[in-house]
Student: 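Right, I'll just put the structure down here and ask away after.
All values reported here derive from a predicted model rather than from experimental measurement. When reading the values below, keep in mind they use all heavy atoms of this one structure, side chains included, and skip hydrogens, waters and symmetry mates.
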Amino acid sequence: MNSAFVKTLETLKQVYDEKAFSAQALNKALALCHARERALVTKLVYGVLDEDIRLQYLISKYVKKRPKGDTLIILKMGVYCLGLSMPVYAVVNDCAELAKTTGDVRQVGFVNATLKNISRSIADFDDYPQDAVQKMSVLYSYPEWALKKLIKDYGMTLAHAIVSYRHPPRTYVRICEQKHTFRDAQPTCFPDAISVSGRLPKLDESFTVQSLSSMAVARAAAAKKSDAFLDCCAAPGGKAVYFKQLQPNAHVVACDLHAHRVELIQSYARRLNVSIETHCMDMTQREKTWENKFDTVLCDVPCSGFGVVDSRPDVKLFRENKDISELMKTQYAILSNCSAYVKKGGRLIYSTCTLFKNENGQIVRKFLEAHPDFRWGQIRIEQLPQTKGKGEYQFLPCVDGMQAFYIAVLEREQ
């Protein structure tokens, strides 16, 4: 039995059945894989999750009654592999063998016959929905409710560009000190960051993996000298640690709601030899001793996550439209509460990793209406001229080549 397929199935079951985070489930699986299997397992796990809607639609066109459980996951794997130009016989045989693990011998023949049938016409398949939005949803495996929000926010043309964009298969690495030689390293917009392909050396104090958009938020926060900096929702710690490295003399405080996530911040800081203060706190609740204490406060709030679906495809599986209103309440509560921690003349930075306007600009404008002592500031990221002179900026992958983060900079009046 193909061990890479076995590891892929085990990982996908954790995501589909237990709603595990894809990155965490995959990392556990890769630790148990042979080195030669890791690239394939990674590609299959992320590929199946990313194309889930399209795969389910294709399967529904070839079977009268949609299978459940492991059989459905195996069929998704098989259909995805058929689109990778892998030998049909190998895909069919490996998936049929995998079906034996269901404990139902009937599923072996079902998987075998279904994949053979699909393989005969998948290259010419064109039986997509007639409705434009439904068709786009299937073609790009983007939830229909989320696609409608994008169309409302950005218009059909830009929404299509957003969902059809595919990030290059490269990893962004932030260099803290020159120690390793990275294969196929290419420069990025930031002088201390590169993009690489292939496997990385073991993580150590000399480098870290961080997206360009995440770095941009940290750089926007560090654009002005701060003696005291607060990162309100800091886990896993990338922005707070980067800020400290950009401003070594600043006192950096990083908080998160859950103890295990605070431990992630501490672990991240230790690995990069950075000293920051950490707290396990609910940032919707006031800490009186922090009022008017910080030069810069960053509220990188919990959000729907649709700006990072390239690295977290499970977002498209489990996030629902009804979640947004609850997230907005939390976002506003954090921004409003933490604004009290900003010194007069200090800055309040709001950011998300989503692109829905009601989680971004709508929250900020609501806050400004209720807090007349705050006004729009300016984003200052020297390497990103498209943000210059703006109080807010929405990164879009099809425009900026970066994950879809949102940044707003506000200033408290003297």
Side-chain angles (χ1 to χ4, degrees), residues 2-59 70 72-86 91 94-95 98 122 137-143 146 162-173 184 195-200 203 209-214 236 304-319 353-355 397-398 401-405:
N2 188 321
S3 59
F5 273 44
V6 172
K7 283 287 183 283
T8 299
L9 176 60
E10 292 173 351
T11 305
L12 289 173
K13 284 172 62 176
Q14 292 179 48
V15 177
Y16 282 115
D17 300 341
E18 303 169 25
K19 295 191 176 181
F21 290 121
S22 54
Q24 294 177 6
L26 178 60
N27 286 338
K28 290 179 182 177
L30 295 180
L32 302 174
C33 285
H34 293 296
R36 64 179 181 275
E37 297 174 333
R38 288 173 185 151
L40 178 58
V41 172
T42 300
K43 185 173 185 63
L44 294 183
V45 169
Y46 278 127
V48 170
L49 294 175
D50 183 51
E51 298 193 20
D52 181 80
I53 294 174
R54 187 182 71 87
L55 296 173
Q56 291 213 57
Y57 182 84
L58 286 170
I59 291 168
D70 292 1
L72 178 58
I73 299 175
I74 293 167
L75 281 180
K76 289 178 184 178
M77 290 171 55
V79 175
Y80 178 74
C81 289
L82 290 174
L84 296 179
S85 300
M86 296 173 69
V91 172
D94 287 339
C95 289
L98 207 55
I122 191 171
S137 173
V138 171
L139 283 174
Y140 302 112
S141 284
Y142 211 86
I162 291 169
V163 300
S164 63
Y165 182 85
R166 290 295 177 263
H167 291 267
R170 302 184 67 81
T171 302
Y172 293 100
V173 173
D184 188 29
S195 74
V196 302
S197 62
R199 293 187 63 191
L200 297 174
L203 284 173
V209 175
Q210 189 169 7
S211 75
L212 293 177
S213 297
S214 175
S304 61
F306 271 83
V308 293
V309 292
D310 62 303
S311 58
R312 284 193 54 198
D314 43 288
V315 166
K316 296 191 293 182
L317 297 180
F318 304 125
R319 188 65 77 190
C353 58
T354 194
L355 31 62
C398 54
M402 299 161 62
Q403 290 181 318
F405 278 50

Student: Sequence neighbours left out, what passes salt bridge (charged side-chain N to carboxylate O under 4.0 Å, His left out) with D52? Give chain and number order.
Tutor: K76
Student: Is any side-chain heavy atom of D310 closer than 4.5 Å to one of Q403?
Tutor: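 Counting from C-beta outward, Q403 and D310 do come under 4.5 Å.
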Student: Can you list the residues that meet the ring-ring contact (aromatic ring centres under 6.0 Å, His included) rule with Y165, with sequence neighbours excluded?
Tutor: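 Only H167 meet the ring-ring contact (aromatic ring centres under 6.0 Å, His included) criterion with Y165.
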Student: Mind checking what makes ring-ring contact (aromatic ring centres under 6.0 Å, His included) contact with Y142, not counting sequence neighbours?
Tutor: F306
Student: So which heavy atom on C81 is nearest to which on V91, and how close?
Tutor: CB-CG2, 3.8 Å
Student: Among residues at least two apart in sequence or on other chains, which ones pass salt bridge (charged side-chain N to carboxylate O under 4.0 Å, His left out) with R54?
Tutor: E51
Student: If we only count heavy atoms from C-beta on, is the F21 to V15 side-chain gap below 4.5 Å?
Tutor: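 Side-chain contact under 4.5 Å: no.
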Student: With sequence neighbours excluded, tell me which residues meet side chain to side chain donor-acceptor pair (under 3.5 Å) with S213.
Tutor: none
Student: The criterion is side chain to side chain donor-acceptor pair (under 3.5 Å); which residues satisfy it with Y172, sequence neighbours excluded?
Tutor: none
Student: I need the minimum non-hydrogen distance between P143 and I53, along with the two atoms involved.
Tutor: N-CD1, 3.5 Å
Student: I need the L32 CG to T11 OG1 distance, nearest 0.5 Å.
Tutor: 9.0 Å
Student: Measuring from atom CG of L75 to atom CG of L55, what distance do you get when rounded to the nearest 0.5 angstrom?
Tutor: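 Result: 10.0 Å between the selected atoms.
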Student: A side-chain contact here means heavy atoms from C-beta on lying under 4.5 Å apart; do Q56 and L72 qualify?
Tutor: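 Yes, side chains in contact.
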Student: Search all heavy atoms of L98 against all heavy atoms of M77 and return the closest pair with its distance.
Tutor: CD2-CE, 3.7 Å
Student: Tell me every residue that passes side chain to side chain contact (heavy atoms under 4.5 Å, CB included) with L203, counting only those two or more places apart in sequence or in another chain.
Tutor: F207, V209, R271
Student: Can you list the residues that meet the side chain to side chain donor-acceptor pair (under 3.5 Å) rule with S304, with sequence neighbours excluded?
Tutor: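 With sequence neighbours excluded, S304 shows a side chain to side chain donor-acceptor pair (under 3.5 Å) to T354, E359, given in chain and number order.
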Student: Which atom pair, heavy atoms only, marks the closest approach of A404 to P397?
Tutor: CB-CD, 3.9 Å
Student: Could you walk me through whether T171 and S197 pass the side-chain contact (heavy atoms from CB on, under 4.5 Å) test, one step at a time?
Tutor: CA-CA 6 Å; T171 302; S197 62; over 6 Å; no
Student: With side-chain contact (heavy atoms from CB on, under 4.5 Å) as the test, would you mind laying out the steps for S141 and Y57 before giving the verdict?
Tutor: CA-CA 10 Å; S141 284; Y57 182 84; over 6 Å; no
Student: Evaluate the side-chain proximity of I73 to V48: yes if any heavy-atom separation is below 4.5 Å, no if none is.
Tutor: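 In short, these two side chains do not touch, never coming nearer than 4.5 Å.
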Student: How about V45 and K7: do any of their side-chain heavy atoms sit closer than 4.5 Å?
Tutor: no
Student: Would you say the side-chain atoms of S214 pair up with the backbone N or O of S211, donor to acceptor, closer than 3.5 Å?
Tutor: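 No.
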Student: With sequence neighbours excluded, give me every side-chain hydrogen bond (donor to acceptor under 3.5 Å, both in side chains) pair touching residues 36-47.
Tutor: S3-E37
Student: Holding to ring-ring contact (aromatic ring centres under 6.0 Å, His included), I want the full list of residues that pass it with Y16, two or more places apart in sequence or in another chain.
Tutor: none
Student: Report the distance from atom CG of L26 to atom CG of L12, rounding to the nearest 0.5 Å.
Tutor: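 Answer for the CG-CG pair, L26 versus L12, is 9.5 Å.
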Student: Which residues satisfy the side chain to side chain donor-acceptor pair (under 3.5 Å) test with R170, sequence neighbours excluded?
Tutor: D184, S195
Student: Kindly determine whether F5 and V41 satisfy side-chain contact (heavy atoms from CB on, under 4.5 Å), including the steps that lead there.
Tutor: CA-CA 7 Å; F5 273 44; V41 172; over 6 Å; no
Student: Does this structure show an ion pair linking K316 with D50, if we count only N-O contacts that are shorter than 4.0 Å?
Tutor: yes
Student: Determine which pairs satisfy side-chain hydrogen bond (donor to acceptor under 3.5 Å, both in side chains) with at least one residue from residues 17-29, sequence neighbours left out, and list them in order.
Tutor: S22-D314
